[in-house]
Amino acid sequence: MEGFARGLPKAELHVHIEGTLEADLLLELAARHGLSLPYRTPADVRAAYRFTDLASFLGLYYRNLEVLRDEDDFRRLTLAYLARAADDGVRHAEVFFDPQSHTARGVPLGAVIEGIWEGLAEGEGLHGMSTRLIMCFLRDRDVGEAERTLTEALAYRGLLAGVGLDSAERGHPPGAFAGVFARARAEGLATVAHAGEEGPAEYVREALDELHIQRVDHGVRAADDPELVARLRRERVPLTMCPLSNVKLGVVSRLEEHPLKRLLDAGLIVTVNSDDPAYFGGYLVDNFVAAQEALGLRRRDLVRLARNSFEAALLDEEERRGYLAEVDAFAARRGVAV
Ligand code: HPA
Ligand code: ZN
């Protein structure tokens with residue numbers, strides 16, 4: 001099954017580039033910039049990766065990303081992620097980044113965006129894949145800062161495909177960002193938001209109604225609300241779900257309890273993604289395999305998840321058709337009817 005999941009052409013739609021910072025690059029960049037870290041070896045780093053909830057993870061995530069200082073750091077981080085993604089059969093990757101986590105400590109926005117962009121362009125060429133960049137606002141910081149970040153980022157409008165919303169969810173309902181998202185939409189940017197990860201189903205509804213998002217990141221808690229599930233199906237709003245992340249952060253107590261399969265069977269556009277793979281114990285294939293084992297997914301379910309990933313992607317229709325044809329050809333070769 002792992003070989004099947006790996007060979008299957010897939011899009012990854014929910015991955016934070018800062019969350020792909022592996023222990024070896026973390027230590028190397030700290031040394032390069034003369035920064036001291038509370039770890040000496042990659043094993044020390046990984047031993048610290050025990051989380052009880054989103055807050056305990058975010059504390060470490062924001063601390064570690066401080067080793068990212070210049071354009072070349074962002075370029076290398078991005079290239080390393082795309083190499084791993086390509087190994088996992090990812091044909092198209094949509095990458096999140098958190099600009100405020102860098103600008104707030106004095107790293108220029110241009111170094112962040114241009115560094116990631118160079119990594120994406122180089123990785124596309126090396127691995128024959130396509131990519132998009134999505135800029136996320138931090139919902140636990142004030143809206144004015146998000147507004148200023150958007151204004152500044154519009155100087156790089158051509159490098160951005162969309163905007164998103166992430167960081168600590170509980171107590172930070174999405175509606176506060178309605179104005180920023182309206183401006184982003186007016187600029188022709190796609191809009192997505194984390195909702196229903198640690199926050200309730202109501203935050204998913206609010207993100208749909210007030211931010212007019214076209215995709216929900218996580219959306220686990222939406223499963224608690226039958227009326228919302230019916231709406232997500234009717235309006236064909238995709239969910240970018242992250243099974244290993246949800247177990248590590250206690251969003252579900254066991255993978256067996258994850259609503260992914262139930263929502264997939266209910267006809268929602270469910271996708272599987274890795275979120276912060278350096279922290280949560282696996283890249284995209286690991287997430288597919290873990291979900292497959294815990295939820296009893298069949299090969300045709302994996303094919304459906306792969307098709308959904310391209311249906312939900314920010315691709316033009318010709319690119320989309322091409323990728324869907326790749327999935328269908330793979331399924332046909334393996335004798336899986338779709
Ligand atoms: N949830 C919310 N915000 C985040 C995450 C996450 O898993 N990773 C990075 N920012
Ligand atoms: Zn996320």
Side-chain angles (χ1 to χ4, degrees), residues 11-22 26 49-68 74 77-78 81 85 93-104 112 116 132-141 145-146 149 162-174 176-177 190-200 203-204 207 211 213 215-222 238-252 258 260 270-284 286-287 309 312:
E12 170 137 82
L13 307 178
H14 183 161
V15 58
H16 302 264
I17 201 65
E18 297 89 346
T20 70
L21 179 58
E22 288 287 345
L26 171 75
Y49 288 2
R50 289 185 214 295
F51 316 110
T52 48
D53 55 13
L54 180 57
S56 66
F57 157 69
L58 289 172
L60 197 66
Y61 167 89
Y62 290 124
R63 197 148 19 93
N64 285 350
L65 63 73
E66 294 194 15
V67 303
L68 300 163
F74 287 95
L77 176 71
T78 305
Y81 162 66
E94 300 189 356
V95 170
F96 292 142
F97 72 111
D98 286 327
Q100 292 155 276
S101 71
H102 310 300
T103 53
V112 178
I116 298 172
R132 299 284 187 273
L133 186 55
I134 299 176
M135 180 174 81
C136 290
F137 303 111
L138 302 185
R139 68 199 313 155
D140 51 353
R141 297 177 70 104
E145 192 179 289
T149 301
V163 298
L165 188 66
D166 65 1
S167 203
E169 184 181 8
R170 213 176 294 125
H172 301 284
F177 293 83
T191 54
V192 301
H194 284 55
E197 181 186 20
E198 62 171 8
Y203 284 15
V204 176
L211 305 188
I213 53 167
R215 224 159 60 192
V216 175
D217 296 315
H218 293 297
V220 177
R221 294 273 75 84
L239 305 183
T240 66
M241 304 195 104
C242 307
L244 289 175
S245 165
N246 294 156
V247 174
K248 294 280 180 186
L249 301 187
V251 170
V252 294
H258 201 285
L260 183 164
V270 172
T271 68
V272 166
N273 305 273
S274 70
D275 210 6
D276 299 281
Y279 291 88
F280 299 148
Y283 285 78
L284 193 55
D286 303 307
N287 276 274
S309 72

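The structure displayed is predicted, hence computed values, not measured ones. Each residue takes its place number in the sequence, starting with 1. Just so you know, ligand 1 is whichever comes first in the structure, and atom 1 is the first atom listed for that ligand.
In terms of modelled atom types and a separation under 3.5 Å, the side chain of E169 and the main chain of E197 share a donor-acceptor contact. D166 places no side-chain N or O within donor-acceptor distance of the main-chain N or O of H194, the cut-off being under 3.5 Å. Counting only distance, with no hydrogens or angles, the side chain of H14 and the backbone of T240 share a donor-acceptor pair below 3.5 Å. Proximity of a side-chain donor or acceptor of N273 to a complementary backbone N or O of M241 within less than 3.5 Å is detected. Of the possible polar contacts, none joining the E18 side chain to the Y61 backbone as a donor-acceptor pair under 3.5 Å is found.
Ring to ring, F74 and H102 are close: their centroids are under 6.0 angstrom apart.
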Between L68 and L77, does the side-chain contact (heavy atoms from CB on, under 4.5 Å) criterion hold? Intermediate values first, please. CA-CA 9 Å; L68 300 163; L77 176 71; 3.9 Å; yes
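Close contacts between ligand 1 and E197 involve ligand atoms 1 (N), 2 (C), 6 (C), 7 (O) [criterion: under 4.0 Å to a heavy atom]. For ligand 1, the atoms lying closer than 4.0 Å to a non-hydrogen atom of Y61 are 9 (C). In the vicinity of L54, heavy-atom distances shorter than 4.0 Å reach the ligand 1 atoms 1 (N), 2 (C), 6 (C).
With a heavy-atom cut-off of 4.0 Å, H194 touches ligand 1 through its side chain alone. The proximity of E18 to ligand 1, defined as any non-hydrogen pair under 4.0 Å, does not occur for either the backbone or the side chain.
Shortest contact from atom 7 (O) of ligand 1 to any protein heavy atom: D275 OD2, 2.9 Å. Of the protein's non-hydrogen atoms, D276 OD2, 2.8 Å is the one closest to atom 8 (N) of ligand 1.
Between the Zn ion (ligand 2) and H218 there is no N/O/S contact shorter than 2.8 Å. Residue contacts to the Zn ion (ligand 2): H14 brings an N, O or S atom closer than 2.8 Å.
Restricting H16 to its N/O/S atoms, the shortest distance to the Zn ion (ligand 2) is reached by NE2.
Remark: ligand 1 and Y62 share no N or O pair separated by less than 3.5 Å (distance only, no angle test). Inclusion of S245 in the set of residues having an N or O under 3.5 Å from an N or O of ligand 1 is not warranted.
The residues E94 and R215 are annotated as salt-bridged, a charged nitrogen and a carboxylate oxygen being separated by less than 4.0 angstrom.
No heavy atom of F96 sits closer than 4.0 Å to any atom of ligand 1. Within the structure, the closest approach of S167 to ligand 1 falls below 4.0 Å when heavy atoms are considered.
Between the side chains of N64 and Y49, at least one donor-acceptor pair of N or O atoms lies under 3.5 Å.
H194 contributes NE2 and D275 contributes OD1; the angle these two atoms make at the Zn ion (ligand 2) is 170°, rounded to 10°.
Looking only at side-chain heavy atoms (C-beta outward), D98 and L138 come within less than 4.5 Å of each other.
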